[in-house]
Amino acid sequence: MPAKRNQVVPNAHFHKQWQRRVKCWFNQPARKQRRHRKRVEKSQRVAPRPRAVYLRPVVRCPTIKYNKKQREGRGFTVEELKGAGLSRNYARTIGIAVDLRRRNKSVEALQLNIQRLNEYKSKLIIYPKPGSKGATKDSSTAEELSKAQQIDKFNSKLSYDDKHRRSAELTKAMVDYKAFKVLKHARWEKKTEGKRRKAAQDAENK
């Protein structure tokens, strides 16, 4: 049937030959094997260093919905590094990520990340630089070097505060409390503060 009144003009496209433009991923299993092989080769090449190079801080997820969860952040702040006795340039050389934009807004998070850095420092083993004549002041002892083991990642438990909170019993004062009226009265007081003050002054002057 022809189009009636003010409608869209029929322009269906049925000759696109979409079969020629389909992208197939038959090489996906082979790529998976190749990625695994490269991870193993890198682990053997950098051993006994960990494969995941940088240590990340513990941060809270944004927004009220997700801030009960913790995750790894981009990098440690300068205050956190200072609390652990590290400089930002030296921290990058021993596998610690640094973020110059993040700011500490709570003492708890600051202390948590400082503790994380101190724990990392206690387990850190530093090898002498290639080509150096001997051990430097930062390098570990020969006994510690002999006990070094390769780990995939520095793991530290991240808490998830999702405790079940029991609902409180409603009291008579809570039921009788009119929140909307209180807010409305507070807005009215703020709006008419100047008029009421002027009226009070005029009444005193009379």
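- L124 and I114 are not part of a single hydrophobic cluster, where members link through side-chain heavy atoms under 4.5 Å apart.
- Residues that satisfy the salt bridge (Lys or Arg N to Asp or Glu O under 4.0 Å) test with K198, not counting sequence neighbours, are D202.
- Looking only at side-chain heavy atoms (C-beta outward), K184 and R187 come within less than 4.5 Å of each other.
- Annotation: side chain of L117 is in contact with side chain of L55 (closest heavy-atom distance under 4.5 Å).
- Every residue two or more places apart in sequence or in another chain that forms a salt bridge (Lys or Arg N to Asp or Glu O under 4.0 Å) with K172 is listed here: D176.
- Around CZ of R92, the count of heavy atoms belonging to other residues, nucleotides or ligands within 6.0 Å exceeds 12.
- A donor-acceptor contact shorter than 3.5 Å is absent between the side chain of H15 and the backbone of H13.
- The closest side-chain heavy-atom distance from K121 to L86 is below 4.5 Å.
- Heavy-atom neighbours of Q28 CD from other residues, nucleotides or ligands within 6.0 Å: at or below the threshold of 12.
- Applying the side-chain contact (heavy atoms from CB on, under 4.5 Å) rule to H36 yields the partners R39, V40; only residues at least two apart in sequence or on another chain are considered.
- Within the model, atoms OH of Y54 and CZ of F76 stand 13.5 Å from one another, a figure rounded to the nearest 0.5 Å.
- Counting heavy atoms from C-beta outward, L112 and Q70 have side chains that approach closer than 4.5 Å.
- By the side chain to side chain donor-acceptor pair (under 3.5 Å) test, R20 is found to be paired with Q17, residues two or more places apart in sequence or in another chain being considered.
- Both I94 and V78 sit in one connected hydrophobic cluster of ILVMFWY residues. Membership requires side-chain heavy atoms under 4.5 Å apart, directly or through other members.
- Applying the ring pair (Phe, Tyr, Trp, His ring centres under 6.0 Å) criterion to W188, with sequence neighbours excluded, gives H185.
- E193 is linked by a salt bridge (Lys or Arg N to Asp or Glu O under 4.0 Å) to R197, counting only residues two or more places apart in sequence or in another chain.
- Of all non-hydrogen atoms in P62 and R71, the two that sit nearest each other are CD-NH2, 4.4 Å.
- Taking R196 as the reference, T192 meet the side chain to side chain donor-acceptor pair (under 3.5 Å) condition, with sequence neighbours excluded.
- The two atoms that bring G75 and P57 nearest to each other are O-CG, 3.2 Å, heavy atoms only.
- With hydrophobic clusters built from ILVMFWY side chains whose heavy atoms lie under 4.5 angstrom apart, I96 shares a cluster with L100.
- Remark: R45 does not engage E41 in a salt bridge, criterion side-chain N to carboxylate O under 4.0 Å.
- Under the 4.5 Å side-chain criterion, counting only non-hydrogen atoms from C-beta, K38 is not in contact with K42.
- When hydrophobic side chains of Ile, Leu, Val, Met, Phe, Trp and Tyr are connected at separations under 4.5 Å, W25 ends up as a singleton with no cluster partners.
- Residues forming a side-chain contact (heavy atoms from CB on, under 4.5 Å) with F26 (at least two apart in sequence, or on another chain): C24.
- Taking NZ of K82 as the start and CZ of R88 as the end, the distance is 12.0 Å to the nearest 0.5 Å.
- Distance CG/N113 to CD/E79: 11.5 Å, rounded to 0.5 Å.
- Remark: S106 pairs with E108, A109 by the side-chain contact (heavy atoms from CB on, under 4.5 Å) rule, at least two apart or across chains.
- More than 12 heavy atoms of other residues, nucleotides or ligands sit less than 6.0 Å from atom CG of N205.
- The two atoms that bring A91 and L81 nearest to each other are CB-CD2, 3.9 Å, heavy atoms only.
- With values rounded to the nearest 0.5 angstrom, T63 atom OG1 is found 10.5 Å from K69 atom NZ.
- A donor-acceptor pair under 3.5 Å links the side-chain atoms of R60 to the main chain of K68, judged by distance alone.
- No donor-acceptor pair closer than 3.5 Å links the side chain of R56 to the backbone N or O of E72.
- With sequence neighbours excluded, no residue forms a side-chain contact (heavy atoms from CB on, under 4.5 Å) with N67.
- Within the structure, the side-chain hydrogen bond (donor to acceptor under 3.5 Å, both in side chains) test picks out the following pairs touching residues 95-104 (sequence neighbours left out): T77-N104, E80-R102, E80-N104.
- Under a cut-off of 6.0 angstrom, the local environment of CD in E169 is sparse, with at most 12 non-hydrogen atoms contributed by other residues, nucleotides or ligands.
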